[in-house]
**Q** 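For reference, the structure I am asking about is given below.
Indexing begins at 1, ligand by ligand and atom by atom, following the structure's order.
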Amino acid sequence: MNLVIEPVAPTTLPVAGGGSFPVQRVFCVGRNYAEHAVEMGHTGREPPFFFMKPADAVVPVAEGETGVIDYPALTANLHHEIELVVAIGTGGRDIRAADAPAHIYGYAIGLDMTRRDLQNEMKKQGRPWEIGKAFEQSAPVGPVVPKAKTGELLKGPITLEVNGVLKQNGDLADLIWTVNETIEQLSAGWTLRPGDLIFTGTPAGVGAVVRGDVMAGAVAGLGTLKVAVRREPVQI
Ligand code: MN
């Protein structure tokens, strides 16, 4: 093949126990825990809806390391959203919920970092959310833990501390749409591919971080994801 420019290296995540998981696309579910839906001004069980981030928004964080992100441009209200991330190993379309587990390679802990002020402004204007959600470094993700090790993750705490203070505290059992239902709904609209990631939504308690803050997210069975917001602005 005669590539006329150098391709950007694919994004990969470390896999617990060895190897790398190549990231294809990043899908995200909006408002998938009831209490968070309420804090965002919504109620009830609306059908799931999806948005995306580019694969290169993913910041891989190796086991035992603290990831670092820059405080992004254009915002004064950068929010944390701790989420269970599903890593798709086998693609497919129109996958039934009952068949979904066979398509899951593993799970990871992720942060759906959000420029909330920009997202809210886009919502108000009925415009796309990309500027609020799909910016660079907006998706720190820890190692992928194979489902072969964890089994299906159906319940257990999902929490986030900022500087040691508990901010988000939920349980995977409280997902409005389960992982398997989410895969069913998502694969009705997109043909899933190996390497796709699905951010499954965040529990209540989202809030702002500032430069120098350290976030520590935990999901039962997956350990901890630590991410710091760089203290100094990047020198250009
Ligand atoms: Mn989210």
**Q** Any donor-acceptor pair under 3.5 Å linking the side chain of E83 with the backbone of G201?
**A**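 Side chain of E83 to backbone of G201, a donor-acceptor pair under 3.5 Å: yes, one is there.
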**Q** Quick check: does any side chain N or O of N180 sit under 3.5 Å from a backbone N or O of A98, one acting as donor and the other as acceptor?
**A** no
**Q** Would the distance check show the side chain of D171 and the main-chain N or O of A173 forming a donor-acceptor pair, the cut-off being under 3.5 Å?
**A** yes
**Q** Tell me which N, O or S atom of E81 sits nearest to the Mn ion (ligand 1).
**A** OE1
**Q** Check for me whether the distance between the ring centres of W177 and Y33 falls short of 6.0 Å.
**A**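 Distance test on ring centres: not under 6.0 Å, no.
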**Q** Tell me, which N, O or S atom in D112 is closest to the Mn ion (ligand 1)?
**A** OD2
**Q** State the atom name: nearest N, O or S atom of E83 to the Mn ion (ligand 1).
**A** OE2
